[in-house]
Amino acid sequence: MCSKKTTKRMDNPDDTLLKRQIAYAGDVLHEFHELPGKYIGPLVNEYPNADGGIPRVDAAYRIKLDGETYIVNLEDESVRIDKSVLVKIDNYRLILEYFNGEAVISAIRTPLPLEKCQSVFEKSPTLCLRPWIISYINLDGTKRLSTITSIIKRKETLTRVQAINLVMIPKMFSKNQDQILEMVCVLLRDCTVEDSDFKLELTLQMRCVIHKYARTIEDIIRLEGVIGLQKAMTAMEFQHQSLIKQGFDQGKFEMALEIKEKHGIEEAVLLSGFSREELERGKMNDR
């Protein structure tokens with residue numbers, strides 16, 4: 001476990017959380033927020049402009065909706081959503097449409113209730129922006145916490161969409177988030193998720209939530225221990241190294257197939273170390 005001297009509170013944990021969610025769980029996040037269409041995949045989030053600037057959206061990804069491809073631009077906003085915010089979101093919409101040639105659906109996540117958010121930006125009498133506004137407060141964190149606690153106590157398996165509630169629930173409260181954090185950390189530790197790799201990813205996401213809402217460095221260290229952060233990080237590192245090795249082996253195997261075609265299978269077996277059976281079949285054995 002890390003000591004207090006070496007542990008620092010994460011800079012911008014909300015930004016890090018959203019980046020992780022888009023990179024590793026974009027399909028789950030899309031379904032969790034009940035946004036329209038079927039998730040396809042992520043897009044880059046930096047778009048150089050003519051002036052040499054690099055506008056950076058929080059997150060962008062593609063969906064399929066009614067047979068057409070659209071882009072979803074998802075932004076986290078901690079301030080009140082007013083005209084200035086909507087102007088910024090509309091600028092992001094224009095940038096994404098220009099670079100990708102596809103219509104954009106704008107969505108905003110906010111800790112404020114919907115009644116405090118401006119929902120329409122009228123650019124002209126015939127053109128206006130109406131983003132999806134996702135208010136954490138309006139997601140009924142109390143009910144979600146009760147439901148997921150009951151599921152875990154019954155030792156039932158969580159779907160990925162159910163499980164992502166654990167890292168999102170603290171955002172659904174306007175006070176006592178540190179107390180809610182204590183509860184969801186224990187629930188994450190004790191839950192079973194249909195995808196064990198996704199539980200590891202949730203553990204890394206929960207680290208962002210801990211650094212956002214834990215009161216002290218001591219609390220951060222303790223709660224990272226509760227969720228088994230070090231074990232999760234070790235497991236994910238092993239998986240990443242395994243994926244790298246698989247990629248290396250695949251490249252080596254493709255080279256061996258080229259040698260077989262040019263110089264014969266005996267030469268390929270001798271130089272590559274792959275078996276005659278693998279080279280004849282054109283497919284590696286499980287390694």
Side-chain angles (χ1 to χ4, degrees), residues 1-2 7 10 13-14 16-35 38-42 59 61 74 109 134 136 139-173 176-214 219-246 286:
M1 184 179 293
C2 295
T7 300
M10 184 188 301
D14 280 338
T16 303
L17 176 62
L18 180 56
K19 286 181 173 63
R20 286 209 67 93
Q21 289 178 330
I22 290 298
Y24 300 112
D27 57 337
V28 180
L29 193 66
H30 180 76
E31 188 175 348
F32 172 80
H33 286 315
E34 299 180 350
L35 291 167
K38 182 176 176 58
Y39 178 88
I40 298 176
Y61 58 89
L74 180 60
R109 305 195 307 190
I134 302 162
Y136 293 122
L139 293 179
D140 199 345
T142 300
K143 181 178 180 180
R144 287 174 184 255
L145 180 59
S146 176
T147 299
I148 202 164
T149 298
S150 297
I151 294 172
I152 293 171
K153 284 186 175 179
R154 293 196 300 266
K155 299 188 183 302
E156 296 176 4
T157 299
L158 298 172
T159 66
R160 296 194 304 159
V161 175
Q162 287 174 324
I164 204 172
N165 273 281
L166 292 170
V167 300
M168 303 302 285
I169 282 173
K171 292 176 171 290
M172 301 175 194
F173 291 82
N176 300 325
Q177 290 99 333
D178 58 318
Q179 298 175 28
I180 303 300
L181 174 64
E182 297 274 349
M183 299 169 68
V184 294
C185 283
V186 173
L187 290 172
L188 177 60
R189 180 195 65 192
D190 295 342
C191 75
T192 301
V193 183
E194 62 182 0
D195 181 347
S196 58
D197 290 344
F198 189 66
K199 182 173 180 179
L200 293 176
E201 169 56 30
L202 285 179
T203 301
L204 298 178
Q205 291 184 25
M206 187 65 84
R207 177 172 180 258
C208 302
V209 183
I210 289 171
H211 281 249
K212 169 74 174 180
Y213 293 115
D219 289 335
I220 289 175
I221 295 169
R222 176 175 54 80
L223 291 172
E224 287 182 348
V226 169
I227 64 174
L229 178 65
Q230 291 302 318
K231 182 178 179 181
M233 292 176 70
T234 300
M236 291 296 280
E237 182 179 355
F238 174 80
Q239 288 183 5
H240 291 159
Q241 290 301 319
S242 177
L243 289 173
I244 291 170
K245 183 179 183 301
Q246 288 176 27
D286 292 336

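Along the sequence shown, the residues carry numbers beginning at 1.
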Task: Flag side-chain contact, heavy atom, 4.5 Å: Arg189 against Val186 - done: yes

TODO: Could you please spell out the steps behind the side chain to side chain contact (heavy atoms under 4.5 Å, CB included) verdict for Ile210 and Ile227?
DONE: CA-CA 10 Å; Ile210 289 171; Ile227 64 174; 3.7 Å; yes

Open item on the list: Would the distance check show the side chain of Ser146 and the main-chain N or O of Thr142 forming a donor-acceptor pair, the cut-off being under 3.5 Å?
Closed with: no

Open item on the list: Between Val184 and Pro170, is there a side-chain heavy-atom distance shorter than 4.5 Å?
Closed with: yes

Open item on the list: The test is side chain to side chain donor-acceptor pair (under 3.5 Å); show your working for Glu224 and His211 and say whether it passes.
Closed with: CA-CA 9 Å; Glu224 287 182 348; His211 281 249; 2.8 Å; yes

- [ ] Could you give me the CA-CA distance, side-chain angles and deciding distance for Thr149 and Ile151, then say whether side chain to side chain contact (heavy atoms under 4.5 Å, CB included) is met?
- [x] CA-CA 5 Å; Thr149 298; Ile151 294 172; over 6 Å; no

Open item on the list: Please determine whether a side-chain nitrogen of the Lys or Arg among Asp27 and Lys38 lies less than 4.0 Å from a carboxylate oxygen of the Asp or Glu.
Closed with: no

- [ ] Walk me through it: do Phe198 and Val28 pass the test side chain to side chain contact (heavy atoms under 4.5 Å, CB included)?
- [x] CA-CA 10 Å; Phe198 189 66; Val28 180; 4.0 Å; yes

Task: Straight-line distance of Ile180 CD1 to Cys185 SG, nearest 0.5 Å - done: 11.5 Å

Task: Gln177 side chain to Phe173 backbone, donor-acceptor under 3.5 Å - done: yes

Open item on the list: Could you check whether any side-chain heavy atom of Leu158 comes within less than 4.5 Å of a side-chain heavy atom of Thr192, counting everything from C-beta outward?
Closed with: no

Open item on the list: Tell me whether Lys171 at atom NZ has more than 12 heavy atoms from other residues, nucleotides or ligands lying less than 6.0 Å away.
Closed with: yes

TODO: Determine whether Arg160 and Leu202 make a side-chain contact, defined as any pair of heavy atoms from C-beta on separated by less than 4.5 Å.
DONE: no

TODO: For the residue pair Asn165 and Leu145, establish whether any side-chain heavy-atom pair is separated by less than 4.5 Å.
DONE: no

- [ ] Side-chain contact test, heavy atoms from C-beta onward, threshold under 4.5 Å: evaluate it for Glu31 versus Tyr39 and give yes or no.
- [x] no

Task: Side-chain touch Leu204/Arg207, heavy atoms, less than 4.5 angstrom - done: no

TODO: Please check if the side chain of Gln179 supplies one atom and the backbone of Asn176 the other of a donor-acceptor pair under 3.5 Å.
DONE: no

Open item on the list: One thing to verify: whether Glu194 and Lys199 come together as a salt bridge, which I'm taking to mean a side-chain N less than 4.0 angstrom from a carboxylate O.
Closed with: no

TODO: Apply side chain to side chain contact (heavy atoms under 4.5 Å, CB included) to Val193 and Thr157, showing your working.
DONE: CA-CA 5 Å; Val193 183; Thr157 299; 5.7 Å; no

